[in-house]
Structures are given as structure tokens and as C-alpha cells.
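Let me begin by presenting the structure, written as C-alpha cells, before commenting on it.
Residues take their numbers from the sequence shown, with the count starting at 1.
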Amino acid sequence: MNRVVVTGVGVISALGNNSGEYAEALQAGRSAIGPLNIMAGEMAGSWMAAEVPNFDPAAHFEPRKLKLLDRASQFALVATAEAVKESGLAFTEELGARTAVIIGSGSGGAVTTDESYYRLYAEREPRLHPLTIPKLMFNAAASHITIDHGITGPSFVIASACSSANSAIGMALQMVRSGAVDVAITGGTEACLNFGSLKSWEALRVMAPDTCRPFSKGRKGMVLGEGAAIFVLETLKHAQARGAAIRAEIAGAGMSSDAQDIAVPAVAGAASAMKACLRDAGLDAGDVDYINAHGTGTQANDAVETQAIHEVFGQHAGKLFVSSTKAMHGHALGAAGALELAATIIAMERRFVPPTVNFLEADPSCDLDHVPNEARAASIGVAISNSFAFGGHNAVIAVRRSPSAY
């Protein structure tokens, strides 16, 4: 089985429009959560959110192309362009056929769907734009990536709610590791900050009115975010043969289903996914230095995740760094795991632990080292990144520091 490494990372998020800006904001412990400004009119500022700042689609896409792209596809293409450029890969006909594109998204073209329904039901227009379906379909982001880069290998989108990106990355890992493909472009994208989505989440009563405070006493819920993070994965042999710079090694992945409740998280399901990930990576619990937690800031999730970590790691749990970067970039749903894997890789490279910002005081039900409010200098050799979703879908990725960093 092939070892699988990361040779390109691209990010667009509330913390910045590229991976460099994202890294600086993470290390500074800067939160991008604030009043929502993306919607015009009376609804602007009505919710707290983490929106991508100063994003001008026209700076990235020709008008003819832009007509085909929902905001989620725009984010995916921008992040992919950065990742591919960093990787140095040129997709020849031969390599294009040996490359997979596997993207996670929880809501697909949600902005297009929302705008279309408004046109039909509020404006009473009898017809929609003829390109509505190509824009809103879940597979659009993956399709546009293949078109832009000449990739003719397998391509598809995985939708497993908030674990979509980790599920996609895990699938990409398996395909590259097995030799089914030599390269995979993978990650997640989400653009969910529209009126319909926000009202739907509001109805669940899990949205914080102020900010996201994962694992903190006094936390009031989650805050939605948006963006994309995309990775170029390839075999270690393939990367070394062409002298590519290696960002990190994807060591393993684990997935599970709670099979209990559509919305309430389960300790057993979360623990099962972490255990499966460690087995797949050939790791012992004591090998892990850091967990980028799912850490949504809801009462139920944070307590359940803490219990699951204790179950999996035993006495070693007290030695782990366990932080949630959602307090900085928001909960980007299907893209969350990708943004968090990017944060984990950056932390390994820069030798710091991302903080859990907005932290007020310790909660007895979340009794781990959550690195409150300020980044901490540390050497991380092995980490896992957790994603747990509505529907009971759990996906965990294990990552090692780049082989060249030792």
C-alpha cells in the first residue's frame, strides 16, 4: 500500500483569501466571527457569521464562466487553483486520467437554490435561469475542477453533512493508497450564508447569538461560516520522483455511523471513528499529540466529544492538546473538516497549537487542555482531525508531519 502525502494546500475562508492569510490568522488567534454583511437590505447584520471577506468573483472568473458558478463552486475553484499551483503538477493527458477529484459539500449550490426559490415564490416569476440546475447541483464543484484542469479520472462529491470534507479526504486517501489513482484533488467547499439556510439553522435553536465558544462554560451554540480548503494528495513515491515539496502525510482515516439519532451526537459513534482512524494509520493512542476537535460550541457536541476522547485515549487524554478552530473560522458545515485539516497541517509546519478562542472559563464536562485564547508553541508530530455530523456520520483523519521535517 502506498504512503500518501500532501503536496498542495489551497484555502479561502473567513480568515483570509489564501492559505498564507489563513495561517497568519490562526497563529494570531484572530476570530472572523461578526455581524453578517453578505445579504443586502433589512436582513444584513441580523446574524453572527464568519463570511469570506472582500471576495470579488469577477477577479477570478470571466463573466461567461461566472454564470455557471454558485458561490460554493467559486470557492472550490479558487482554493484548487492555489493547491495545484503549489503542488507544481501539470495535468498531462496521462496524469489527468490517473487523478481523482473528490470533494465534500453539505449543501451544494445553496445560494443558487435560495435565489431561485425567492424568484419563484416572492417575485412570482414564472421562469428560472436556464443554468439553474448546473449551478445548484451538488457535483458542480467537482465537475468544474475537472474541466479547468483537464482531469479525466474519477470525480464525485460526497455529502455527509458536517463530515463531508473528511469523508471525501478519507475516500481520496484510500484511492491513492490502493493505487487506483496516482493523485487526488480533495477537500470541501461550502457557501451556506443565505436567508433560507440561516433561518433553517435558527429554527434548530443551536445558533449562538454572540459568538462561538467551544468547550467553554457559558457556550451558547455554533456560528456558521463559509469557504473551502482543497488538497493535492499523491503517493510518496510519485512526489519524491518529481522532487515535490511535501506539506504532510495523511496517515489514515476512520468513519462510523451512530445509528441512534438524526441530530443528537453519540459517544460510541465518535469514539468508534477515532479508533478506526488510529487502526488505519497504524497508530497507538499515545502517538497522538494534538486533536483538532469538531468543537461546535453547542452544549451537547462538546461534552460528547470530550467523553469520546477520554474513552479512546484513556490516561493519555490529559496530555493531548485539543482545540477547536471553529471559534475563528466558523462552522463551514461540509467544508469544516477541510478547513480544520489545513489548520492542522499549518500548525505542524509552524510548530504551534491553534487556540480555542472566545474561551471564558473551564467547563467541568469538557475537562481537557483546550488551549484557551492564545496559540501555544509546540512540536506536533501526529494529529487527528474530528468531524461529527447530523445523521450520525463521523469521519476522522490522521496526519503526520512531513517526512522531510524530521
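The closest side-chain donor-acceptor pair between S402 and E249, if any, does not fall under 3.5 angstrom. For the residue pair S197 / N194, a side-chain donor-acceptor distance below 3.5 Å is found, with atom types taken as modelled. Looking only at atom types and distance, the side chain of R351 has a donor-acceptor partner in the side chain of S379 under 3.5 Å away. Looking only at atom types and distance, the side chain of S160 has a donor-acceptor partner in the side chain of S163 under 3.5 Å away. For the residue pair T112/D70, the side-chain donor-acceptor check at 3.5 Å is satisfied. A donor-acceptor contact closer than 3.5 angstrom is absent between the side chains of S385 and E340. A donor-acceptor pair shorter than 3.5 Å can be found between the side chains of S19 and E82. Between H129 and K135, the side chains place no donor N or O within less than 3.5 Å of an acceptor N or O (distance only, hydrogens not considered).
Between K319 and D369, none of the side-chain N atoms (NZ, or NE/NH1/NH2) sits under 4.0 Å from a carboxylate O, so this pair counts as no salt bridge. Checked for salt-bridge contact, K237 and D182 miss the test: no charged N lies under 4.0 Å from a carboxylate O. Salt-bridge annotation for E361 and R213: absent, with no side-chain N of the basic residue lying under 4.0 Å from a carboxylate O of the acidic one.
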### Task
Could you please spell out the steps behind the salt bridge (Lys or Arg N to Asp or Glu O under 4.0 Å) verdict for R350 and E24?
CA-CA 10 Å; R350 296 193 173 206; E24 293 298 325; 2.8 Å; yes

### Message
Before you tell me yes or no, could you show the steps for K65 and E62 under salt bridge (Lys or Arg N to Asp or Glu O under 4.0 Å), namely the whole-Å CA-CA distance, both residues' side-chain angles and the distance that decides it to 0.1 Å?
### Response
CA-CA 5 Å; K65 175 79 168 179; E62 295 293 330; over 6 Å; no

### Intermediate values then yes/no, side chain to side chain donor-acceptor pair (under 3.5 Å), D367 and H310
CA-CA 9 Å; D367 57 344; H310 277 295; 2.8 Å; yes

Please table the atom pairs, donor to acceptor, closer than 3.5 Å between any side-chain atom in residues 250-266 and protein atoms at least two apart or in another chain.
{"from": "S256", "atom 1": "OG", "to": "G269", "atom 2": "O", "distance (Å)": "2.6"}
{"from": "S256", "atom 1": "OG", "to": "N394", "atom 2": "ND2", "distance (Å)": "3.0"}
{"from": "D258", "atom 1": "OD1", "to": "N394", "atom 2": "ND2", "distance (Å)": "2.8"}
{"from": "D258", "atom 1": "OD2", "to": "A266", "atom 2": "N", "distance (Å)": "3.4"}
{"from": "D261", "atom 1": "OD1", "to": "A263", "atom 2": "N", "distance (Å)": "2.8"}
{"from": "D261", "atom 1": "OD1", "to": "V264", "atom 2": "N", "distance (Å)": "2.9"}

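Between F388 and H393, the ring center distance fails the sub-6.0 Å criterion. Between W201 and F195, the distance separating the two ring centers is not shorter than 6.0 angstrom.
Ring geometry for H294 versus H331: interplanar angle over 60°, hence perpendicular rather than tilted (30 to 60°). Ring geometry, H149 versus F91: the interplanar angle exceeds 60°, so the pair is classed perpendicular (tilted spans 30 to 60°).
In this structure the side chain of I380 never reaches within 4.5 angstrom of the side chain of F352, judged on heavy atoms. Side chains of N18 and V11 form no contact here, defined as non-hydrogen atoms less than 4.5 Å apart.
When all heavy atoms are compared, the tightest approach of K67 to L131 is O-CD1, 4.0 Å.
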